[in-house]
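Reading through the structure tokens given below for one structure.
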Amino acid sequence: QIQDARNHVNQAIYLLMNRDVSYKFKTGSEVLKLMDAVMLQLSRARNRLTTPATLTLPEIASSGLTKMFTPALPPDILVNFYINLNKLCLTVYQLHVLQPSTTKNFKPAGGSILHNPGAMFEFGNQRYEVSHVHKVECVVPWLNDALVFFTVSLQLCQQLKDKISVFSSYWNYRPY
């Protein structure tokens, strides 16, 4: 998520810097169009930090997160890391293998930020049920700062757009 947010910021910077230093804007609508594109990238960056991805349990199982530990995690454990606002979150899922002869109705869980006990999924020709969920959150102070900076930068862009709109309407005004 942090890398995605950074990529969106880099795209916003590219949009702003991708002109010759001597370039002069010809119309207010040209500036408004640029600000819209910049604001879109800044909004996307902010949203990547405020809205974690909803993943299915098989997506979590196939991600590299579970495989990155040394020594390896037991096969009945899944982990997921994500950013939610100003917190780094770790969710640990303890799994129970469902026997093929089980009489329990198998209903695969859909995508979610947090899967509850009882959620079921299939991975690698094996069916699992989540038996326990443990979640730990850690506040990361600079994430809060980043969210504040995104909000302030979006407000400044909007203020610039508002001022350009006022002047553009003044310039386009023709008395009868």
Side-chain angles (χ1 to χ4, degrees), residues 1-68 78-93 108-116 119 121 130 133-176:
Q1 289 172 266
I2 292 171
Q3 183 63 51
D4 288 347
R6 179 181 175 189
N7 290 343
H8 289 298
V9 169
N10 285 344
Q11 185 62 33
I13 291 169
Y14 174 79
L15 290 167
L16 292 168
M17 304 298 288
N18 191 29
R19 285 176 182 69
D20 188 72
V21 291
S22 62
Y23 182 81
K24 302 228 187 277
F25 289 96
K26 293 164 188 58
T27 64
S29 62
E30 188 180 358
V31 176
L32 293 176
K33 185 177 175 183
L34 173 62
M35 284 297 99
D36 285 340
V38 168
M39 289 176 71
L40 177 65
Q41 293 303 320
L42 293 175
S43 294
R44 287 177 176 171
R46 187 174 187 276
N47 288 344
R48 280 304 285 138
L49 299 178
T50 60
T51 311
T54 56
L55 299 174
T56 64
L57 288 163
E59 288 170 335
I60 294 170
S62 63
S63 76
L65 295 175
T66 301
K67 298 167 188 72
M68 71 180 191
L78 283 183
V79 296
N80 189 23
F81 289 98
Y82 57 91
I83 300 291
N84 188 6
L85 296 170
N86 65 336
K87 294 178 257 187
L88 174 63
C89 303
L90 165 67
T91 307
V92 179
Y93 298 99
S112 179
I113 295 168
L114 181 66
H115 297 274
N116 294 317
F121 71 103
V130 174
V133 179
H134 307 279
K135 183 177 176 186
V136 179
E137 298 178 341
C138 174
V139 172
V140 181
W142 66 263
L143 282 171
N144 192 57
D145 294 343
L147 292 171
V148 168
F149 292 143
F150 281 126
T151 302
V152 169
S153 64
L154 286 164
Q155 288 172 344
L156 289 171
C157 289
Q158 186 60 52
Q159 288 173 5
L160 176 62
K161 282 181 59 179
D162 293 345
K163 287 176 178 153
I164 296 292
S165 294
V166 166
F167 283 116
S168 293
S169 65
Y170 175 75
W171 289 320
N172 293 334
Y173 177 73
R174 289 183 173 79
Y176 297 104

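Side-chain atoms are counted along with the backbone in the values below, which use heavy atoms only and exclude waters and symmetry mates.
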**Item:** Residues which pass salt bridge (Lys or Arg N to Asp or Glu O under 4.0 Å) with Lys87, listed by chain and number, not counting sequence neighbours
**Value:** Glu137
For the residue pair [X] and [Y], what are the closest heavy atoms and their distance?
| X | Y | answer |
| --- | --- | --- |
| Ala53 | Arg48 | N-NH1, 4.3 Å |
| Ser63 | Ile60 | OG-O, 2.8 Å |
| Leu78 | Ala61 | CD2-CA, 3.5 Å |
| Tyr93 | Ile113 | OH-O, 3.9 Å |
| Leu85 | Leu143 | O-CB, 3.9 Å |
| Phe81 | Leu65 | N-CD1, 3.6 Å |

What do you reckon, is [atom1] of [X] surrounded by more than 12 foreign heavy atoms closer than 6.0 Å?
| X | atom1 | answer |
| --- | --- | --- |
| Lys33 | NZ | no |
| Phe25 | CZ | yes |
| Arg19 | CZ | yes |

Would you say the side chain of [Y] lies within less than 4.5 Å of the side chain of [X], judging by non-hydrogen atoms?
| X | Y | result |
| --- | --- | --- |
| Ile83 | Leu88 | yes |
| Phe150 | Thr50 | no |
| Leu15 | Leu34 | yes |
| Phe121 | Thr56 | no |

**Asked** Out of curiosity, Leu42 CG to His8 NE2, how far, rounded to the nearest 0.5 Å?
**Response**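 Separation between the atoms: 10.5 Å.
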**Full working for side-chain contact (heavy atoms from CB on, under 4.5 Å) between Val130 and Asn116** = CA-CA 7 Å; Val130 174; Asn116 294 317; over 6 Å; no
**Item:** Any donor-acceptor pair under 3.5 Å from Asn47 side chain to Ser43 backbone
**Value:** yes
**Prompt:** Within the side chain of Ser62, is there an N or O that forms a donor-acceptor pair under 3.5 Å with the backbone of Glu59?
**Reply:** yes
**Prompt:** Does one side chain, of Asn7 or Gln3, offer a donor that lies under 3.5 Å from an acceptor on the other?
**Reply:** yes
Report, one line per pair, each donor and acceptor closer than 3.5 Å where one atom sits in a side chain of residues 154-162; sequence neighbours left out.
residue: Gln158; atom: NE2; partner: Asp162; partner atom: OD1; Å: 2.9
residue: Lys161; atom: NZ; partner: Asp36; partner atom: OD1; Å: 2.4

**Message:** Applying side chain to side chain donor-acceptor pair (under 3.5 Å) as the test, list every pair that has at least one member in residues 142-154; sequence neighbours left out.
**Reply:** Arg46-Thr151
